**Q** 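Let me give you the structure first, and then I'll get to my questions.
Treat the numbers as computed from the prediction; the structure is a model and nothing was measured.
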Amino acid sequence: MSKQKRSKIVAPMSLFKAAVTSIADGIIICDPDNVIVLINPAALAMFEISGETSYLGADYNHFLSHYVIHNGDQRPTTLVQDQTSDAGDVHTISIKTPSGRKAYVQVRSVPIFDQRKQKRGMIHVFHDVTELRQKELQYQKSNQSLQALLSLLTAITCLPTIVDLLPREEQGPFLLPPSMHYIGQQLTNLVLQILRCKLVMLLSLRPPENHLYYVAVSGLEPEQEQIRRENSGRYSLADFYDEQIRAKLYSGEIVILPYSRIHLPFYERSDRNGLLTLHVPLFVDKQLAGIMLIARSDSDNAYTPEEITLAKSVATLIVFVIGCVSALNQLNGTRGKALMRQEADKIINEFLYLASHELRTPLTAIIGNLQLALHRLDVLQRQARDHPEILAQRFEYLRQPLEQAAQSAHLQEGMIQNMIDDARIQTNTLMLHMKLCNLTQIVQETVREQQERILDHKILLEITPSSEVIPVIVDEKSIRRVLIIYLKNALTYSPRDFPVRTQVAREGTLARISVHSQGAGISLQEQEHVWDRFYRTQGVAVQHELDLGLGLELYICKAFIEHHHGHVGMQSDSGHGTTFWFALPIVETTQEKAD
């Protein structure tokens, strides 16, 4: 090739290499024989390669074989160049690098054609989405934890009924009573979700031989759990643990050891030697009553101080429940049941207060990051208006899951706010910032905001007499919250072709706000309980937003209004819909009298 022809080729190639080098995504370019001819710095950093020359001239598939790769379902997979379609489909995978770091990337492989339509190679683009994937996993973990928490709260609420139904002779011999089996299952499920571990077991000791009984198990296959149920009570503590470990448990010490150091006296067809276990002793009346066992993969990080603290907290909750059950087991009649329910409420209040504050901090971070990501997409989409249409479609593809995640995160934020408000109501620490307000304006603004959020369902507002100022002394935020809950419930259960009607009217010295929905109505039996704490509407097949309130929203509405010296009510007729209303006292119109 002449020098003149060589210069014409070298110059464009050097410019092309410089352009690829500046791209933030990882780029690997191969020739028609699947041989790597170019790796940009971003790909070198992603795959932890010391220098470009290390793999230049190497086979692309052989290069990828040095890494552990999983698909979106976390199943082992391979990225073979020949399998890549000409359409440049995107595959989301995880890559485990030599240092042990796991990177989540979106891979797009596009063929290179010459002027004769002959394939001359492939460009592989690796877009790092590790940060986004970690936030998604954090959100999923938070959602699963909330569902497990809801099941636990339901179990504790049912505690008085469970204990009341148990035969008296079954309650004595166990330090962990049979009623703990139901609640214990919810607790082990909760720990399994929060710690992302492989196995959680709650074990009970029965004196004097200290035989071990399985109270609750989470994480085992049905076959494995059945084996343990069949062997429950057949073996003592000494059959599972050596003398040194038993001494630590009897002294109240938390024990961390490989699963292989636990001797199973019965045969089990499974390999659990790769697990690291955490054993938390449970004491009742200064006597070892049971053990909570947690197991996770030995390859994962060791148990952090925060995780050990969480395990201790759950153990304390278990002992607290045991104490309540043991003390109240001796009581009979109406007074005994009332005291039992009171103690169950105390457990719920304390747990709600702690859980809501612990969950709110990471949830706030999730919402903030999602909003930031959406904002950046808006900016990029505006900048990309002059680019090909496929780019805009790609932005929309990224936006949809972000918007769904943000919506779900806001729902979870509402659940946590319900928990916090309930805890404040129960402990008499609810703070209201009272001031003179125009109730008409509060209702108008709240209805307008909800209508802007839900465009496909009409909300009608009637004010009688129209445009009248209705002066009230209220905590504006609380009144808005009550009205939003009323409207949300009405919009959820009302057919979309029937508008939701909101009315504001004077009734003597009271202002009455009502929200009417044209739904199926609520039965008389349910109407007696809709304002009860933790009551959830029965017979609803779909998980509506009302159910996501933990059965607290209407209870909180009633408490808010009663703190304003008002009252709430409802009216429902089969086939004519349901009306929820609240009334507040109207004050004198002069600022001086209001003060």
**Q** Would you say Ser65's side chain and His62's backbone share a donor-acceptor pair under 3.5 angstrom?
**A**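 Between the backbone of His62 and the side chain of Ser65 there is a qualifying donor-acceptor contact (under 3.5 Å).
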**Q** With sequence neighbours excluded, what pairs up with Arg448 under the salt bridge (charged side-chain N to carboxylate O under 4.0 Å, His left out) test?
**A**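 Result, salt bridge (charged side-chain N to carboxylate O under 4.0 Å, His left out) vs Arg448: none returned.
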**Q** Phe63: which residues meet the ring pair (Phe, Tyr, Trp, His ring centres under 6.0 Å) condition with it, sequence neighbours left out?
**A**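 Expected list: Phe47, Tyr55, Tyr67.
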**Q** Taking side chain as C-beta onward, heavy atoms only, is His124 less than 4.5 Å from Tyr60?
**A**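 Yes. Closest side-chain heavy atoms under 4.5 Å.
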**Q** So, does Gln451 use its side chain to make a donor-acceptor pair with the main chain of His457 at under 3.5 Å?
**A**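 Pair found, side chain donor or acceptor close to backbone of His457.
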**Q** Yes or no on side chain to side chain contact (heavy atoms under 4.5 Å, CB included) for Ile29 and Ile36, after CA distance, side-chain angles and deciding distance?
**A** CA-CA 6 Å; Ile29 301 178; Ile36 297 175; over 6 Å; no
**Q** Do Ile27 and Ile123 come within less than 4.5 Å of each other through their side chains, counting heavy atoms only?
**A**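 Answer yes - side chains close enough.
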**Q** If the threshold is 4.0 Å, N to carboxylate O, is there a salt bridge linking Glu449 and Arg453?
**A**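 No, Glu449 and Arg453 are not salt-bridged.
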**Q** Once side-chain contact (heavy atoms from CB on, under 4.5 Å) is applied, do any residues pair with Ser99, and if so which ones, sequence neighbours excluded?
**A**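 In terms of side-chain contact (heavy atoms from CB on, under 4.5 Å), with neighbours along the sequence ignored, Ser99 is linked to Glu48, Thr97, Arg101.
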**Q** Is there a side-chain contact between Leu38 and Ile28, using heavy atoms and a 4.5 Å cut-off?
**A**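 No, too far: nothing below the 4.5 Å cut-off.
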**Q** Taking it one step at a time, do Leu288 and Leu282 satisfy side chain to side chain contact (heavy atoms under 4.5 Å, CB included)?
**A** CA-CA 6 Å; Leu288 184 64; Leu282 307 174; 5.7 Å; no
**Q** Return each pair, listed once, that meets side chain to side chain donor-acceptor pair (under 3.5 Å) where at least one residue sits in residues 243-253; pairs must be two or more places apart or across chains.
**A**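 Output for this query lists Asn210-Tyr250.
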**Q** Working to the nearest 0.5 angstrom, can you tell me the gap between Leu220 CG and Met201 CE?
**A**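 Rounded to the nearest 0.5 Å, the CG-CE separation comes to 6.5 Å.
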**Q** Taking only residues two or more places apart in sequence or in another chain, which ones pass salt bridge (charged side-chain N to carboxylate O under 4.0 Å, His left out) with Arg234?
**A**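 In terms of salt bridge (charged side-chain N to carboxylate O under 4.0 Å, His left out), with neighbours along the sequence ignored, Arg234 is linked to no residue.
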**Q** Do the non-hydrogen side-chain atoms of Lys488 and Glu553 ever get within less than 4.5 Å of each other?
**A**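 Heavy-atom side-chain distance check passes, below 4.5 Å.
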**Q** Test side chain to side chain contact (heavy atoms under 4.5 Å, CB included) on Gln118 and Phe113 and set out the steps.
**A** CA-CA 5 Å; Gln118 297 294 316; Phe113 296 100; over 6 Å; no
**Q** At what distance, to the nearest 0.5 angstrom, does CZ of Phe266 lie from OG of Ser232?
**A**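 The distance works out to 9.5 Å.
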**Q** Any idea which heavy atoms bring Cys197 and Ala295 closest together, and the distance?
**A**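 Shortest heavy-atom contact: CB-O, 3.2 Å.
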**Q** Considering only NZ, NE, NH1 and NH2 on the basic side and carboxylate oxygens on the acidic side, decide whether Arg496 and Asp456 come within less than 4.0 Å.
**A**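 Salt bridge: yes.
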**Q** Kindly give the heavy-atom pair with the smallest separation between Leu64 and Ile69, and that separation in Å.
**A**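 So the two residues come closest at O-CD1, 4.2 Å.
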**Q** Any idea which heavy atoms bring Ser54 and Ser50 closest together, and the distance?
**A**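 Shortest heavy-atom contact: OG-OG, 3.8 Å.
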**Q** Tell me which one of Leu278, Val200, Thr188, Leu199 satisfies side-chain contact (heavy atoms from CB on, under 4.5 Å) with Leu293.
**A**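 Checked Leu278, Val200, Thr188, Leu199 against Leu293; only one passes side-chain contact (heavy atoms from CB on, under 4.5 Å): Leu199.
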**Q** Distance from Gln106 atom CD to His91 atom NE2, nearest 0.5 Å?
**A**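 The CD atom of Gln106 sits 11.5 Å away from the NE2 atom of His91.
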**Q** Restricting to ring pair (Phe, Tyr, Trp, His ring centres under 6.0 Å), what partner residues turn up for Tyr241, sequence neighbours left out?
**A**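 With sequence neighbours excluded, Tyr241 shows a ring pair (Phe, Tyr, Trp, His ring centres under 6.0 Å) to His279, given in chain and number order.
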**Q** Give a yes or no answer on whether the side chain of Asn34 reaches the backbone of Gly121 with a donor-acceptor pair at less than 3.5 Å.
**A**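 Such a contact is absent between Asn34 side chain and Gly121 backbone.
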**Q** Can you check whether Lys119 reaches Asp114 side chain to side chain, under 4.5 Å on heavy atoms?
**A**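 Sidechains of Asp114 and Lys119: no contact.
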**Q** Between CZ of Arg228 and CG of Leu203, what distance do you get to the nearest 0.5 Å?
**A**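 Arg228 CZ to Leu203 CG: 9.0 Å, rounded to 0.5 Å.
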**Q** Would you find a donor on one side and an acceptor on the other, under 3.5 Å apart, between the side chain of Asn40 and the backbone of Val20?
**A**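 It does hold such a pair.
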**Q** Show your working on side chain to side chain contact (heavy atoms under 4.5 Å, CB included) between Arg296 and Leu275 and close with a plain yes or no.
**A** CA-CA 5 Å; Arg296 74 183 333 168; Leu275 297 180; 5.9 Å; no
**Q** Got a second to check how far Ile291's CD1 is from Leu205's CG, nearest 0.5 Å?
**A**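 Taking CD1 in Ile291 and CG in Leu205, the distance rounds to 5.5 Å.
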**Q** Quick one, His263 and Phe240 - any side-chain contact, counting heavy atoms below 4.5 Å?
**A**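 Not in contact.
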**Q** Are the side chains of Lys102 and His70 in contact, using a 4.5 Å heavy-atom criterion?
**A**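 A side-chain contact under 4.5 Å is absent here.
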**Q** At what distance, to the nearest 0.5 angstrom, does OG1 of Thr21 lie from CG of Leu44?
**A**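 It is 9.5 Å, given to the nearest 0.5 Å.
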**Q** Heavy atoms, side chains only, cut-off 4.5 Å: are Ile95 and Val68 in contact?
**A**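 Not touching, per the 4.5 Å side-chain cut-off.
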**Q** Taking all heavy atoms of Tyr214 and all of Arg229, pick out the closest pair and write down the distance.
**A**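 Minimum heavy-atom separation between Tyr214 and Arg229: O-NH1, 2.8 Å.
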**Q** Over all heavy atoms of both residues, which pair between Thr446 and Arg480 is shortest? Give the atoms and the distance, please.
**A**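 Heavy-atom minimum between the residues: OG1-NH1, 3.2 Å.
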**Q** Tell me the closest heavy-atom pair linking Val255 and Leu257, and the distance in Å.
**A**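 That closest heavy-atom pairing would be CG1-CD2, 3.4 Å.
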**Q** Check whether Asp239 reaches the backbone of Tyr235 with its side chain - one donor and one acceptor, N or O, closer than 3.5 Å.
**A**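 No: the side chain of Asp239 does not pair with the backbone of Tyr235.
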**Q** Taking Thr130 for its side chain and Ala103 for its backbone only, find out whether a donor-acceptor pair lies under 3.5 Å.
**A**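 No; zero donor-acceptor contacts below 3.5 Å.
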